[in-house]
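Here's the structure, in structure tokens; my notes come after.
What you see below is based on every heavy atom in this structure, not just the backbone, and it leaves out hydrogens, waters and symmetry mates. Chain naming here is simple, since letters A, B, ... match the order of the sequence lines and numbering starts at 1 in each.
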Amino acid sequence: MLPSTNIRQSPALRTLTTAHLTQTMTLLELDVLDLNQRVESELSSNPALEIREERRCPICKQTITNNRPCPRCSAPTSLSPDDPIVFVSHIDDFQERRSSYYEEFPEESTSRDKEDLPTFVLKQIAPDLQPQDQLIAAFILSNLNEDGLLEISIVEIARYHHVPISRVENILQLIQRTEPIGVGSPSPKEALLVQLEVLKETQQVPSKAEKAIREGLDLLSRHQFPDLARLLRVTVKEAQQIAHFISDNLNPFPGRAYWGDIHHGNEAPLSVYSQPDVVLSLLEGYQESPIVVEIVSPFAGLIQVNAEFRRLANRASPDNADQWKSYLERADLLVKCLQQRTHTIVRLMRHLTIIQRQFILKGDSYLLPSTRANLAEELGVHESTISRAVANKTVQLPSGQIIPLAKFFDRNLHVRTALKEIVLNETKPLTDSEIAALLKKRGYPIARRTVAKYRAIEGILPSNIRKNHTDG
DNA sequence: CTATGGCACGGATT
DNA sequence: AATCCGTGCCATAG
């Protein structure tokens with residue numbers, strides 16, 4: 001607490017220091033989308049802020065005019081696999097690239113040609129519709145966003161085409177049930193529910209899954225299992241299993257259904273996350289490519305205090321000088337906090353990509369256990385800073401998978417994947433003790449009881465119910 | 001008797 | 001201070 005005696009009368013200074021701390025912290029724990037909202041509202045309410053359109057590539061120092069990310073420009077020089085290329089990109093760059101991915105790799109696993117999502121869907125349903133309804137369907141499909149979600153309301157569609165709402169609803173239901181299932185839903189929640197519904201026809205689904213989606217989607221995506229468990233009145237473990245099931249089998253953004261691991265036809269690791277906060281990728285054409293780290297940031301680096309505004313503020317007449325000044329201070333504060341936020345994340349990610357390169361490239365079993373605490377020590381920041389930086393954020397791996405950043409701090413992921421592998425390769429169902437013994441040989445000395453726990457987390461049934469793996 | 005899951009405790013992590 | 005995690009003990013099911 002600051003001594004109030006020698007603080008200048010202006011309350012602004014006082015709030016500036018404390019506000020700086022609190023705002024830096026709160027901004028740090030927001031994900032891109034929340035931050036985006038926050039920045040936008042600030043931007044519209046504070047005339048001192050402006051967006052600088054031109055940006056400089058942190059590597060080649062040239063002005064970036066188009067949306068091409070810059071790491072490629074510097075690719076030929078200094079390529080050490082252990083030296084990640086880190087840069088900050090605008091959220092729009094990402095959106096842009098996202099849709100271009102979609103066009104570049106329309107589909108490889110199913111018979112889909114170069115057509116885009118709307119055409120793809122329309123072809124499937126057209127035979128079942130009358131010509132008039134085909135028009136409506138086409139209209140609906142043309143209003144999908146990149147995620148395959150509907151951006152306008154049913155009412156609007158009905159009004160536009162002068163047809164009853166129920167008719168639109170029927171068409172929409174048809175659309176939602178075609179591949180990719182859930183397209184045309186107005187929200188991720190709807191999409192998930194439709195998928196669950198369809199899935200229910202062919203296989204068993206956890207009974208509480210629907211409630212989890214309906215009432216606990218928020219908790220679900222934030223991985224707040226204890227809260228979810230309370231909501232569903234089940235144990236935390238069961239809640240985790242339900243969440244596991246949902247993220248394994250359902251996809252809140254149907255338009256992105258074929259992203260990432262195309263090779264696993266059956267269980268594409270789709271995630272409940274949409275917009276990653278960090279995107280990791282590799283340079284094409286290098287077998288030992290450095291990891292390209294792209295920090296997706298709403299406007300950071302772009303947002304600045306309008307210089308003209310600052311000049312005018314200094315010359316403002318005394319009666320409204322305070323107003324000018326407060327705008328200016330708020331703007332400075334925001335800019336500074338944003339910079340600090342990105343700076344922290346950049347440092348964090350650079351470090352992580354160096355330490356966990358193998359994990360990022362090769363997968364779960366290569367994750368080296370580390371804690372936020374010791375990472376904080378290595379970076380010379382406070383633990384809580386790392387905690388906040390990790391909180392609520394997601395990372396897109398080179399494979400296309402989007403995972404929570406917290407997964408980098410999963411202390412036993414590698415053991416669990418070893419366990420999964422053992423069970424996958426077993427010829428007869430092994431008991432927990434036997435598994436424990438095998439794990440011990442691999443250098444994971446854990447108790448039999450713990451094997452049971454891991455099994456539960458991974459959704460592996462107990463040995464007496466597991467059926468034999470008879471390889472065909 | 002064997003294999004498993006629930007509960008609860010203590011130490012580590014956040 | 002709150003939460004997570006690994007483990008031991010014990011009840012239960014087969």
Side-chain angles (χ1 to χ4, degrees), chain A residues 21-22 24-31 206-208 216 219-220 222-244 341 344-345 347-348 351-352 355-356 364 367-395 403-420 422-423 426-440 442-468:
Chain A
L21 288 174
T22 54
T24 308
M25 295 195 308
T26 46
L27 289 188
L28 189 55
E29 58 191 332
L30 296 179
D31 71 9
S207 55
K208 303 266 184 177
L219 302 174
L220 214 51
R222 286 170 198 278
H223 281 212
Q224 292 169 351
F225 300 128
D227 293 342
L228 184 65
R230 215 168 304 135
L231 176 73
L232 300 178
R233 304 229 191 91
V234 298
T235 65
V236 175
K237 200 172 59 192
E238 285 171 305
Q240 279 180 344
Q241 280 173 7
I242 292 170
H244 210 264
R341 177 185 183 275
T344 308
I345 298 179
R347 295 224 307 143
L348 171 69
H351 199 79
L352 274 182
I355 305 293
Q356 303 287 12
D364 291 358
L367 179 68
L368 305 174
S370 77
T371 66
R372 300 165 227 257
N374 61 41
L375 200 76
E377 198 185 344
E378 284 168 43
L379 288 178
V381 297
H382 196 277
E383 291 177 10
S384 70
T385 309
I386 299 289
S387 285
R388 289 181 196 285
V390 169
N392 305 322
K393 306 212 174 42
T394 56
V395 180
I403 61 168
L405 185 51
K407 189 166 174 177
F408 280 80
F409 300 94
D410 195 320
R411 273 171 280 166
N412 47 37
L413 185 69
H414 57 316
V415 188
R416 296 205 314 267
T417 39
L419 183 147
K420 268 200 289 195
I422 288 177
V423 175
E426 74 188 0
T427 46
K428 78 176 196 356
L430 299 170
T431 69
D432 286 355
S433 329
E434 289 167 326
I435 296 176
L438 285 174
L439 282 172
K440 192 170 199 165
R442 293 202 188 189
Y444 302 127
I446 57 168
R448 173 252 100 203
R449 187 66 188 79
T450 309
V451 173
K453 296 270 188 192
Y454 288 174
R455 259 199 7 259
I457 294 175
E458 297 297 340
I460 300 173
L461 293 170
S463 69
N464 48 359
I465 313 183
R466 235 152 49 215
K467 65 169 197 244
N468 286 347

So what does A:Arg449 touch, heavy atoms closer than 4.0 Å: a base, only the sugar-phosphate, or nothing? base
Here the salt bridge (Lys or Arg N to Asp or Glu O under 4.0 Å) pairs for residues 450-459 of chain A, sequence neighbours left out, are A:Arg416-A:Glu458, A:Lys420-A:Glu458, A:Asp432-A:Arg455
Sequence neighbours excluded, the answer for side chain to side chain contact (heavy atoms under 4.5 Å, CB included) partners of A:Arg442 is A:Ala418, A:Glu421, A:Ile422, A:Tyr444
Next on the checklist: Whether the side chain of A:Arg347 engages the backbone of A:Leu379 through a donor-acceptor N/O pair (distance < 3.5 Å, no angle test) should be reported.
Outcome noted: yes
side-chain hydrogen bond (donor to acceptor under 3.5 Å, both in side chains) filter on A:Ser433, not counting sequence neighbours, yields none
Here the residues of residues 381-389 of chain A within 4.0 Å heavy-atom distance, strictly under, of DNA chain B are A:Glu383, A:Ser387
Here the salt bridge (Lys or Arg N to Asp or Glu O under 4.0 Å) pairs for residues 375-392 of chain A, sequence neighbours left out, are A:Glu29-A:Arg388
Rounded to whole Å, the CG-P distance (A:Leu461 to C:dG14) equals 15 Å
_Would you say A:Thr371 places a side-chain N or O within less than 4.0 Å of OP1 or OP2 belonging to B:dT13?_
no
Considering just the side-chain nitrogens and oxygens of A:Tyr454, establish if one lies under 4.0 Å of OP1 or OP2 belonging to C:dC5.
-> no
To the nearest angstrom, the CD1-P distance between A:Ile465 and C:dA13 comes to 14 Å
The side chain to side chain contact (heavy atoms under 4.5 Å, CB included) partners of A:Pro445 (sequence neighbours excluded) come to A:Lys440
Those residues at least two apart in sequence (or on a different chain) that pass side chain to side chain contact (heavy atoms under 4.5 Å, CB included) with A:Ala436 are A:Val451
Polar pairs (N or O, both sides) under 3.5 Å between protein and nucleotides 1-4 of chain B?
unit_1: B:dT4; atom_1: OP1; unit_2: A:Ser463; atom_2: N; d: 3.1
unit_1: B:dT4; atom_1: OP1; unit_2: A:Ser463; atom_2: OG; d: 2.5
unit_1: B:dT4; atom_1: OP2; unit_2: A:Asp432; atom_2: N; d: 2.8

Hits for side-chain hydrogen bond (donor to acceptor under 3.5 Å, both in side chains) against A:Thr371, two or more places apart or cross-chain, chain-then-number order -> A:Asn374
Sequence neighbours excluded, the answer for side chain to side chain contact (heavy atoms under 4.5 Å, CB included) partners of A:Asp364 is A:Phe359, A:Lys407, A:Leu413, A:Thr417
**Asked** With no hydrogens and no angle check, is any side-chain donor or acceptor of A:Arg466 less than 3.5 Å from a backbone partner on A:Leu430?
**Response** yes
Checking C:dG6, B:dC7, B:dT14 against the side chain of A:Lys453 (C-beta onward), the nearest is B:dC7
Whole-Å distance, A:Arg416 CZ to C:dC5 C1', equals 11 Å
Numerically ordered, the residues 406-415 of chain A set in heavy-atom contact under 4.0 Å with DNA chain C is A:Arg411, A:Asn412
A:Thr431 meets the side-chain hydrogen bond (donor to acceptor under 3.5 Å, both in side chains) criterion, sequence neighbours left out, with A:Glu434
